[in-house]
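Order of listing sets the numbers, starting from 1, for every ligand and every atom in it. The shown structure was predicted, so the numbers you read here are calculated from the model rather than taken from an experiment. When reading the values below, keep in mind they use all heavy atoms of this one structure, side chains included, and skip hydrogens, waters and symmetry mates.
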Amino acid sequence: MDARAAARLRTVLGHLGRLEPRDVVAHPTSGTVSPTSFHPQQFQFTLDNSILSLEQRQFYEENGYLVIKNLVSDEDIQRFRDEFGKICRKEVKLDRLVIMKDVSISKLQLAPSEKVVTKIQDFQEDPELFRYCTLPQILKYVECFTGPNIMAMHTMLINKPPDTGKKTSRHPLHQDLHYFPCGPSNLIVCAWTAMEHIDRNNGCLVVLPGTHKGSLKPHDYPKWEGGVNKMYHGIQDYDENSARVHLVMEKGDTVFFHPLLIHGSGRNKTQGFRKVGIPIAAPIGKDGCVSCSATPYGYDGLKPKNP
Ligand SMILES: CCCCCC(=O)SCCNC(=O)CCNC(=O)[C@H](O)C(C)(C)COP(=O)(O)OP(=O)(O)OC[C@H]1O[C@@H](n2cnc3c(N)ncnc32)[C@H](O)[C@@H]1OP(=O)(O)O
Ligand SMILES: Nc1ncnc2c1ncn2[C@@H]1O[C@H](COP(=O)(O)OP(=O)(O)OP(=O)(O)O)[C@@H](O)[C@H]1O
Ligand SMILES: O=C(O)CCC(=O)C(=O)O
Ligand SMILES: [Fe+2]
Ligand SMILES: [Mg+2]
């Protein structure tokens, strides 16, 4: 692991359970406000622009997520898959990339292949994969939450492996804001693109609608038997009776969600490796993230800054 990845892990561990969200809900005036699409109602979690319909805005405001169907083409997804394969086989090497293996196989000496890599993080130095963060159709929606000056503060490609029977392929219920001391949270959004059909069999995203209106909860390792992956923290005291929604997605569908939305994913009961691509985006200020002094999360501005 490189120094930057180590610093990030230290930051996360240092903040474990102590982080409070900085919910400064001062929305900048941003985007083009077209008279025909202006929604004169008070919105807290979406910005005024002409992209989202009133129904879409109201859905995100209420639930904290929004699924947009068929946003990324099969051709682009194939290119991302091919590049991911090269990284796994070590045909492409990236200095800052974090490579994660499932805890159930992490101590086995296995030949490099897609079957041993559970996730890559921080792929922003790979031009082919970073293209995902720059796709106009992704940025178009990201801008509805972040405003026009956008940066990717984190990038991931998850390759959820077939569960070995120990349930280690689960991702416990968590809030992404736990992983970065950053805000204002309402201007941050995660984009999660299904790279194939995903349902409960291969471990779809599970969300607790409306939880983005709450605060950042204490996270810690789940008390599960059989093994828990390093850094896969979960919320300890969520309401077990709260409604969980399993998001069934087709290849190319993308869900945008708020960093306080409680979400996770179940185990992969198939023999395939379930793939998704994720950038987490925030507005970019003059020196990086608008309010986060810890700039290691900040990468290139994805769009030219407004003067
Ligand atoms: C930001 C949005 C939300 C994000 C939400 C998330 O993604 S949550 C997850 C966030 N994840 C991260 O930040 C990345 C976490 N992963 C990593 O940093 C890394 O993959 C790693 C530290 C686990 C391993 O990196 P290394 O390059 O050091 O790999 P190495 O193979 O030498 O392993 C070092 C030691 O860690 C163990 N190890 C490896 N993978 C492991 C795993 N999944 N769970 C537990 N332990 C693991 C190994 O057995 C070994 O133990 P011994 O020392 O006993 O031999
Ligand atoms: N008993 C539990 N306690 C805490 N978290 C759970 C529990 N069961 C599931 N989860 C979490 O809820 C999310 C979704 O779980 P889900 O029930 O969809 O999958 P699963 O339990 O792995 O598989 P299955 O589809 O067989 O129920 C995951 O984040 C999982 O880690
Ligand atoms: O796709 C998944 O398994 C969930 C990933 C996730 O929520 C995360 O990495 O923060
Ligand atoms: Fe997450
Ligand atoms: Mg279950």
Show me the donor-acceptor pairs within less than 3.5 Å that the side chains of residues 105-116 make with the rest of the protein, sequence neighbours left out.
from	atom 1	to	atom 2	distance (Å)
S106	OG	V103	O	3.3
S113	OG	K115	N	3.0
E114	OE1	K275	NZ	3.4

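- Using modelled atom types, one side-chain atom of S169 and one backbone atom of N268 make a donor-acceptor pair closer than 3.5 Å.
- At distances below 3.5 Å, not a single donor-acceptor pair connects side-chain atoms of H219 with backbone N or O atoms of H174.
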Tabulating one pair per line, provide the atom names and distances (0.1 Å) for every N/O atom of ligand 3 that is less than 3.5 Å from a protein N/O atom.
from	atom 1	to	atom 2	distance (Å)
ligand 3	1 (O)	W192	NE1	2.9
ligand 3	1 (O)	R274	NH2	2.9
ligand 3	3 (O)	S265	OG	2.6
ligand 3	3 (O)	R274	NH2	3.2
ligand 3	7 (O)	H174	NE2	3.2
ligand 3	7 (O)	H263	NE2	2.9
ligand 3	10 (O)	H174	NE2	3.0
ligand 3	10 (O)	D176	OD1	3.1

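- Residues forming a side chain to side chain contact (heavy atoms under 4.5 Å, CB included) with V248 (at least two apart in sequence, or on another chain): H197, D199.
- Nearest-heavy-atom check against atom 13 (C) of ligand 2 across R244, R267, R170, K223 picks out R244.
- Between the choices H246, H263, K269, H174, the shortest heavy-atom distance to atom 24 (P) of ligand 2 belongs to K269.
- Residues I198 and L247 fail the side-chain proximity criterion, which asks for heavy atoms closer than 4.5 Å.
- A distance of 3.5 Å separates CZ of R131 from CZ of R79, quoted to the nearest 0.5 Å.
- No side-chain donor-acceptor contact under 3.5 Å links R96 to the backbone of E125.
- In terms of the side chain to side chain contact (heavy atoms under 4.5 Å, CB included) criterion, residue partners of S265 (sequence neighbours excluded) are, by chain and number, K160, H171, R274.
- Ligand 2 has an N or O atom lying under 3.5 Å from an N or O atom of R200, backbone or side chain.
- Residue H171 places at least one N or O, backbone or side chain, under 3.5 Å from an N or O of ligand 2.
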